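I have placed the structure first, in the form of structure tokens, so that the comments after it can refer back to it.
Model, not experiment: these values are computed from the prediction.
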Amino acid sequence: MQFNIKINQSSATDIRNHLGLCDERFIPRLSSRVDMLEYAQKLASLAVRLEAWESTELIGLLAVYCNDQVMRVAHITSVSVVPMRANNGVGSALIHHCIAYITGLKMYSITLDVAQQNVNAIKLYQRHGFVGAATNAHDTSMIMMRLILKS
């Protein structure tokens, strides 16, 4: 499979359609947590988007906020790959490009939240140097972090 990584080329409609295809892969489902159209519009206007395109189809999306210029911490808010392209290196390529992008901005670290039950995602993040621990006994999410530059 051949795909191209682009930055900020998707529209809110592209993002909404992509997230709809990926909805059941999120734990819990993304549509149970957010209004999908509002979320897509927010990502389109505020996030840096690293995108995997196969021809004209958005097959992978990583959205990251890079606006913390005081602490110099970027935060990945979403990583998704359409089900038909899962396990083909798309997610790994997006994370790799995100790390390079964040390094270029001279950020100190990248954080993300992931459901503790999402073992495949956790393993993917660990392969790219992310480490983390459960936030508390009642929370089902884990905060993971990867250092980029020393302060």
Here the gap from M107 atom CE to L147 atom CG, rounded to the nearest 0.5 Å, amounts to 13.0 Å
Residue pair V81 / C22, side-chain heavy-atom distance below 4.5 Å = no
So, S10 versus H18: side-chain donor-acceptor pair below 3.5 Å or not?
-> no
Expected output: side-chain D14 to main-chain S11 donor-acceptor under 3.5 Å | yes
Of all pairs that satisfy side chain to side chain donor-acceptor pair (under 3.5 Å), the ones with a partner from residues 85-96, not counting sequence neighbours = E54-R85, S92-H128
Beyond-backbone contact of R146 with M144, side-chain heavy atoms, under 4.5 angstrom | no
Is I110 close to Y125 at the side-chain level, that is, under 4.5 Å between some pair of heavy atoms?
-> no
State whether the side chain of R49 and the backbone N or O of L61 hold a donor-acceptor pair below 3.5 Å, judged by distance alone.
-> no
Could you tell me whether the side chain of Q9 reaches within less than 4.5 Å of the side chain of W53, counting heavy atoms only?
-> yes
Taking the side chain as C-beta and beyond, is there a heavy-atom pair between T77 and V64 under 4.5 Å?
-> no
Non-hydrogen side-chain atoms of L19 and F26 separated by less than 4.5 Å = yes
Which hydrophobic side chains are connected to L37, either touching it within the sub-4.5 Å cutoff or through other members that do?
-> none
Out of curiosity, L149 CG to Y108 OH, how far, rounded to the nearest 0.5 Å?
-> 8.0 Å
Side-chain donor-acceptor contact under 3.5 Å, D113 with S141 = no
Side-chain polar contacts of residues 117-124 - donor-acceptor pairs under 3.5 angstrom, sequence neighbours left out - could you list them?
unit_1: N118; atom_1: OD1; unit_2: A121; atom_2: N; d: 3.3

Does the side chain of V70 come within less than 4.5 Å of D68's, by heavy atoms?
-> yes
